[in-house]
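Computed over heavy atoms, backbone and side chain alike; hydrogens, waters and symmetry mates excluded. So that the names make sense, note that chain A is the first sequence line, chain B the second, and so on, each numbered from 1.
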Amino acid sequence: MDENMTDEQTQTEDELTRLADGTLPADRQAALLAQVRQSPELTAALAEQERAVTMLRALDEPAPAALRAHVEELTGAGAGAAPGRAPRWRRAVVLPGATALAAAVAAVVILVSGGGAAPTVPVAARFALASATLPAPAVDPDQAQNLTLTAAGIPFPTWGPQKGWTADGARTDTVDGRKITTVFYKGRNGGRIGYAITDGAPLTGVHGHTVTRDGVRFTLQQSGPARLISWVRSGHTCVIAGRSVPYAALVALATADESQESMSSASNVTAHSEYA
Amino acid sequence: VVRRLDPKSLGQHLDALYRAAWALCGSREDAEDLVQETFARVLARPRVIRGDERGYLMRALRNTFYSRLRTASRRPQTGPSLDDMQAPDPRRTRQPERAAEVTEILEAIAELPEDFRMAIVAVDILGLSYGEAAKALDTREATITTRLYRARQRIARQLSDEPASPGGDTREGSGPKRSLA
């Protein structure tokens, strides 16, 4: 460690480390975030920590089958049969296998039959990955950062050329009486993402790694070839999903949207616009 | 809580341990060997553990890793043989972008200084708490936090196309210069 560092600097770094992975005690979060917002250096330092945490905790490379078989021999048990203990950051939000399976089955039933069961995050993600059925909403003339379309009182963001994503369609669906509103965005390099907001209480079916940005907890999930992130805003579940778009880019966009109202810095958004 | 280690419960840690081993070794093949040897050592006799199973495995993985390094350093150095060549990973053909991303990240961790590497493997790869990581690595929790900050900073910079932080110190491992009033 740098001998010239003050205790205060060390403490700040320690707290930034914990803020980035969500282990900083709640009573310190607000104060530290206020300091971060006033300092470009601290903002950049936190963004670096958050980028690393997102990358590292989204790693899901499984052990090769041959190694699994060998370990199975050694332990005398089906290594793959035992339910894996999720890392600490996953444990808080992982659903029991049966519940997750039920959610997946429910999603299929809903999509095929058109209703019945309550919507879940995977269901909302299916819509976010589906085709648009409505034209893109216009930009709000009074608030250029938002589109004119809202869902559950939450405006959809414009994002626009600066962030590399432009609205190019929308759709609305109703599942078990819950309205799911989705806006699709086209990236400047041909990518596509869907941003779905479901009205009513937060959805179930949330399982995966979590990262915290500016006090907002995002859950990262894989759905086949697609990646999706979900979070709760004003009591409603928001989902952004896309194929071939890194989690870091999805989180950066969501963070930018979340922080628009508070006008806080979202310096890492442009860093990921190359995936657009 | 002191208890006997149940061999049958160890399989649930396999995937995380494999990723941790890859991050330590920097190679998929070495990681497989390291995990296999770690399990073999742990299961060679009945074990009694205190606390978290994964923390115990982290310690075992680290000890086995060092042991292999010592053995390798005593071995005469030879040129690469056919066995040293990396076989193509069939999974890479299914999701090439994803596989490349995983490889890049884990290899970047493997290039970190040892203390930083151990901290990031324990907390961000294996999912230990800061306290569990400190115990597994025989150090203080505050030390783990500091090493983690540095390690993540280097990983973020190495895997980013962006220039260094605006106004940030460009010295390796340095943190934000501004002192908070």
Side-chain angles (χ1 to χ4, degrees), chain A residues 1-2 5-6 8-14 16-18 20-21 23 35 39-42 44-45 47-53 55-57 59-64 66-68 70-72 74-91 225 244 246 267 271 274, chain B residues 7-19 22 28 32 35-36 39-40 43 53-54 89 95 97 99 101-102 105-106 109 120 123-130 142 145-146 148-153 155-157 159-162 165-168 171 173-180:
Chain A
M1 192 191 306
D2 188 337
M5 277 185 62
T6 65
E8 205 169 37
Q9 283 175 304
T10 305
Q11 185 190 340
T12 303
E13 289 184 359
D14 288 356
L16 286 174
T17 310
R18 289 180 177 274
D21 62 26
T23 58
Q35 291 173 319
S39 162
E41 290 171 5
L42 292 180
E48 277 185 334
Q49 294 291 308
E50 290 175 339
R51 270 205 304 276
V53 169
M55 280 189 288
L56 295 164
R57 299 194 174 191
L59 289 173
D60 55 3
E61 183 75 2
L67 177 62
R68 187 174 299 278
H70 191 84
V71 168
E72 199 171 310
L74 287 170
T75 59
R85 188 200 88 152
R88 185 166 305 280
W89 61 83
R90 298 180 196 175
R91 270 182 252 162
S244 302
S267 60
E274 69 268 25
Chain B
K8 291 183 178 173
S9 71
L10 295 185
Q12 64 184 301
H13 305 293
L14 177 61
D15 289 336
L17 214 61
Y18 171 65
R19 291 190 287 270
W22 189 345
R28 186 163 47 90
E32 289 185 40
V35 170
Q36 195 168 309
F39 272 99
L43 295 168
E53 232 171 39
R54 196 169 285 197
D89 182 350
Q95 287 186 300
E97 283 178 21
E101 195 179 302
V102 169
I105 294 169
L106 292 173
I109 297 171
I120 214 165
V123 175
D124 283 333
I125 304 293
L126 278 177
L128 301 185
S129 69
Y130 288 45
T145 313
T146 303
L148 202 54
Y149 179 88
R150 298 282 189 275
R152 287 176 182 168
Q153 186 182 53
I155 291 294
R157 289 181 183 180
L159 299 178
S160 168
D161 294 330
E162 285 189 314
S165 312
R171 287 172 299 174
S174 62
K177 282 189 295 187
R178 181 171 176 268
S179 172
L180 294 174

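Taking both residues in full, the closest heavy atoms of B:Glu32 and A:Leu67 are given as O-CD1, 3.7 Å, listed atom of the first, atom of the second, then distance. Scanning all heavy atoms of the two residues, the minimum distance from B:Ile120 to A:Leu56 falls at CD1-CD1, 3.5 Å. Across all their heavy atoms, B:Ala40 and A:Leu74 have their closest contact at N-CD1, 4.0 Å. Of all non-hydrogen atoms in B:Tyr18 and A:Pro64, the two that sit nearest each other are CZ-CD, 3.5 Å. The minimum heavy-atom distance between A:Met55 and B:Ala156, with the atom names listed, is CE-CA, 4.2 Å.
A:Glu61 is not listed as a side-chain neighbour of B:Asp15, based on a closest heavy-atom distance of 4.5 Å or more. Residues B:Arg152 and A:Thr17 meet the side-chain proximity criterion, which asks for heavy atoms closer than 4.5 Å. Under the 4.5 Å side-chain criterion, counting only non-hydrogen atoms from C-beta, A:Thr75 is not in contact with B:Lys8.
Salt-bridge formation is detected for the pair B:Arg157/A:Glu48: a Lys NZ or Arg NE/NH1/NH2 atom is positioned less than 4.0 Å from an Asp or Glu carboxylate oxygen. Between B:Arg150 and A:Glu13, at least one side-chain N (NZ, or NE/NH1/NH2) sits under 4.0 Å from a carboxylate O, which counts as a salt bridge.
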Self-check item: Trace of the side-chain contact (heavy atoms from CB on, under 4.5 Å) decision for A:Arg18 with B:Thr145
Solution: CA-CA 8 Å; A:Arg18 289 180 177 274; B:Thr145 313; 3.9 Å; yes

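Checking B:Tyr130 against A:Asp21 by side-chain atom types alone, a donor-acceptor pair falls below 3.5 Å.
Using modelled atom types, one side-chain atom of A:Gln49 and one backbone atom of B:Tyr149 make a donor-acceptor pair closer than 3.5 Å. With hydrogens and angles disregarded, no donor-acceptor distance shorter than 3.5 Å links the side chain of A:Arg57 to the backbone of B:Asp124.
With a 4.5 Å cut-off on non-hydrogen atoms, B:Leu106 touches chain A through its side chain but not through its backbone. Heavy atoms closer than 4.5 Å to chain A are found in the side chain of B:Leu43, but not in its backbone.
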